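What follows is a set of notes on a single structure, which appears directly below.
Since we're looking at a predicted model, the values are computed, not measured. Every chain is numbered from 1, with letters handed out A, B, ... down the list of sequences. Values below: all heavy atoms of this structure, side chains included; hydrogens, waters and symmetry mates excluded.
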Amino acid sequence: MAISFAVDLEKVSRAANISIPVVAGVSFVAGHYLTFYLHFLTVPLIMLTGLNLYYLHGQKSHALLANYGILAQMRYLFESLGPELRQYLFMSDTEERPFNRVERAEVYRKAKGIDSASAFGSQLLFGGSDFKLLHSMYPVPKEEIEPFSLTVGEERGLAQAYRLSKPLMISAMSYGSLGGNAVRALARGAKKAGIPMNTGEGGYPKYHLMESCDLIFQMGTAKFGVREDDGTLDDERLAKLAGEASIKMIEVKLSQGAKPGKGGLLPKEKITEEIAELRGVPLGNDVVSPPFHPECRDPASTVAFIRRVQEVSGLPVGIKLCLGRDTELVALLRAMKAQNVFPDYISIDGAEGGTGAAPKAFMDDFGVPLLEALPVVDARLIEENIRDKMKLFAAGKLVSPGKQLLALSLGADAVYTARGFMLALGCIQALQCNANTCPVGITTHRPELQRGLDIEGKSRRVANYVHALEHDWEEALSALGKKRFSELSPENVLMPGRQQGDTILTREDEQQYLINLRRNSRRPQA
Amino acid sequence: MGSADPATPKRSPAPLWLWVPRLIAAGVMAFVAYLKLTDNPGDVAIFTQLGMEPHGRYLVGVIEGFCALVLISPYAPVGAVLTSGVMLGALIGHATKLGFIVNDDGGMHVGLLALVLVSSLLVAYRRRRELPLIGDTL
């Protein structure tokens, strides 16, 4: 009974395929007898006929074009416009990935210094599957909240121990993945806000160093900037780098949340002569870092390598990893105990972490998400009795104050975010970080695109973002009934239940276990 | 567009020798555009024969000049397609109205036309994947 208004696309396209050459012929004849000007129509139609013949009979790689001819091009046209159309017209405020409009808008407002109060109610679903913060019936007066302070490296009594005055750091983004302007805007913003910035694995951090903010030098698996020709560590170059006044800590990257088990990747589109020089790599090829450090082949050698980096650099040295198998983590912790060598911090990168470029399977299907991984790592450290030997950092989509506090409650002593700061710089989530075509000039080296990224103006937004977060943390601590960040614990988190092996851990079981662990251990932070 | 898939096949850069046909086509187009726009008597005669004097001559001259510019710009493949189109139009003119010997030139016009047509087709073919909209399907 249904009345069909469907257009028979096959007939339409067949009509087009016949009429294009016919009109071309008519135009040719008319052009001859009436006016030569008509050949301005004849010529494009002849060319279109040629293209259409190629589509229909000459090519085999596009079935649609072979079956329907040139009209099928419409599909490719719309498909190419799809992401933008969906983002601007059709996606709701909570639908986009990785960051929906609500999440992005919060960062934008903070970065612009606009009040981020919203109206009527939360846009999120409340299905019991999300982690939530549990407030106290007895909030703490804001005046009683103590300022944050965390000293990395104090466990080893390091002369160069590094004190963080905010529980937030700019996560690893290299010059290479970011353009020079973006790096400098972030670095200047970090300086203004008084937080450190991680250099990412981009070789000698020339642009990061320009703004003289505190830096955490990241040593990736390719060891750009500190490598010997065979990919092993060049002690001399590391010692020299560690001597730079701005470099406060060294981070050995074992794996990354967006691509755990795979090395860094910089597409050749983004490799300029300068980047090739800073990293010591050839032009014209993708730069793929190896999946592991040649020095780190088992727990014992990994710990020995950490000790070597600590000894050579004289700075606090941390490791960054995405949690994979729990048992391997425990083996690593035991090797640390056996050698009595501990990194000054472990940074846990959640599987939801960001990247400039990674294979889709690794982004989508590898690694433990942050809020699942963090309590596990915290618990293993406590079980092994070494929680007071090091700090624990967390990273992975921690762009909002609520998510940051969740991580701080589930074991982290401080948090990292990279994409939060990109959004503060004006990232519009165009998802072109790997293509050198970033429309807002952040992840591109093209001068005409970087033109729009004003270093001074954007650095103020970076600092604004940090200050607005600080304000929210303070309010949240008060609501949670905590006087200091170190009092945050799994007790103030609502955790969704989940399955582990054959047993389904209820939310209460698991949480109680974590809470008991915590009660019996001393948190490292004063 | 916008996908973060590093496995997308990468385009190899155009070979250096492609500058030869590119510059030949651009040079000839700039030269004939100059002749048309400066009322060269030979072109006036041709366009009178086509019934397009003088507006058609100016229009074609401007288009040819534009082609020359685009050919030496980063959008050379687009310029090459445009140039091929103009040459196709010229070919129609010679085939239907002008004949292949024009003003006793011994076929010089048509020879030049063929040279530019081959050059521009070569550039367009070798760099077809850079063409907007249709590049990915070629």
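Contact of the Val60(B) side chain with the Phe40(A) side chain is registered, since non-hydrogen atoms from C-beta on lie closer than 4.5 Å. The shortest side-chain heavy-atom distance between His39(A) and Leu88(B) does not fall under the 4.5 Å cut-off.
Heavy-atom contacts from other residues, nucleotides or ligands closer than 6.0 Å to CG of Leu16(B) number 12 or fewer. Within a 6.0 Å radius of CZ in Phe100(B), more than 12 heavy atoms belonging to other residues, nucleotides or ligands are found. For CD of Glu273(A), the number of neighbouring non-hydrogen atoms (other residues, nucleotides, ligands) closer than 6.0 Å is 12 at most.
Distance CG/Leu82(B) to CE/Met47(A): 7.5 Å, rounded to 0.5 Å. With values rounded to the nearest 0.5 angstrom, Ile134(B) atom CD1 is found 9.0 Å from Leu48(A) atom CG.
The most heavy-atom pairs under 4.5 Å with chain B, out of Tyr37(A), Tyr55(A), Tyr54(A), come from Tyr37(A).
Interface residue Thr42(A): only side-chain heavy atoms are found under 4.5 Å from chain B. Residue contact with chain B, scored on non-hydrogen atoms closer than 4.5 Å, involves the side chain of Ile46(A) exclusively. The contact between His62(A) and chain B is made entirely by side chain atoms (from C-beta outward), counting heavy-atom distances below 4.5 Å. Contacts between Leu91(B) and chain A at a heavy-atom distance below 4.5 Å are absent for every atom of the residue.
When all heavy atoms of His32(A) and Lys97(B) are compared, the closest pair comes out as O-NZ, 3.0 Å.
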